[in-house]
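All values below come from the heavy atoms of this structure, side chains included, with hydrogens, waters and symmetry mates left out. Remember, it's 1-based here, ligands and their atoms both numbered in the order they're listed.
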Amino acid sequence: MANLPSGCRIIDFSTRGDERGSLVALEGGAEVPFDIRRVYTIFGTREGVARGFHAHHALNQLAVAVAGSCDVILDDGQRRERVRLERPDQGLTLPPMIWHEMENFSPDCVLMVLAEDVYDEADYIRSYDDFLRLAEEAQA
Ligand code: TYD
């Protein structure tokens, strides 16, 4: 696995498997390193589409490809790394101040995102230039 930008990590979830199949349980404060206030899913993404293109001021999130696969590009203002999500038993943390883009969605991809807070447009940084400026200020 690539050396991820600061604060980003892959979390391996334990799978409870038996003769019936598999089950992954995610609890806030346990497998998920924050309390969960919102869940959203991205699915039916059309071929060639890229999404995201933002960072958050304060929000913590965790992304899981519960079906299919996609790539997440992570950028902390210094470095960019690409991570492939393709397992329902693996999550990628998306901490605050990480610019992220998602692309290469398989047609069957269901990307589930667990979020620490409700939707708040004011928490979004949607301009890459603003993001770079804020990231630089935070380093100083
Ligand atoms: P958008 O931020 O464009 O998605 P992405 O980051 O994947 O490119 O969100 C698409 C629309 O959905 C936009 O109108 C905002 C809305 N939305 C909500 O209402 N609640 C949510 O939790 C999220 C993530 C988006």
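- Residue Leu85 holds its CG atom at 9.5 Å from CE of Met102, rounded to the nearest 0.5 Å.
- Ring centroids of Phe53 and Phe131 are separated by 6.0 Å or more, keeping the two rings apart.
- To the nearest 0.5 Å, atoms CG (Asp117) and CD (Gln61) are separated by 10.5 Å.
- Residues lining ligand 1 at a heavy-atom distance below 4.0 Å are given as Arg38, Tyr40, Ile42, Arg51, Gly52, His54, Tyr119, Tyr124, Arg126, ordered by chain and residue number.
- Between Cys70 and Asn104, the closest side-chain pair of non-hydrogen atoms is not below 4.5 Å.
- Residues Leu26 and Phe13 form a side-chain contact, since some pair of their non-hydrogen atoms from C-beta on lies under 4.5 Å apart.
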For residues 133-140, run the donor-acceptor check on the side chains, cut-off 3.5 Å, and write out each pair with its distance to 0.1 Å, sequence neighbours left out.
| unit_1 | atom_1 | unit_2 | atom_2 | d |
| --- | --- | --- | --- | --- |
| Arg133 | NH2 | Asp130 | OD1 | 3.4 |
| Gln139 | OE1 | Gln78 | NE2 | 3.2 |

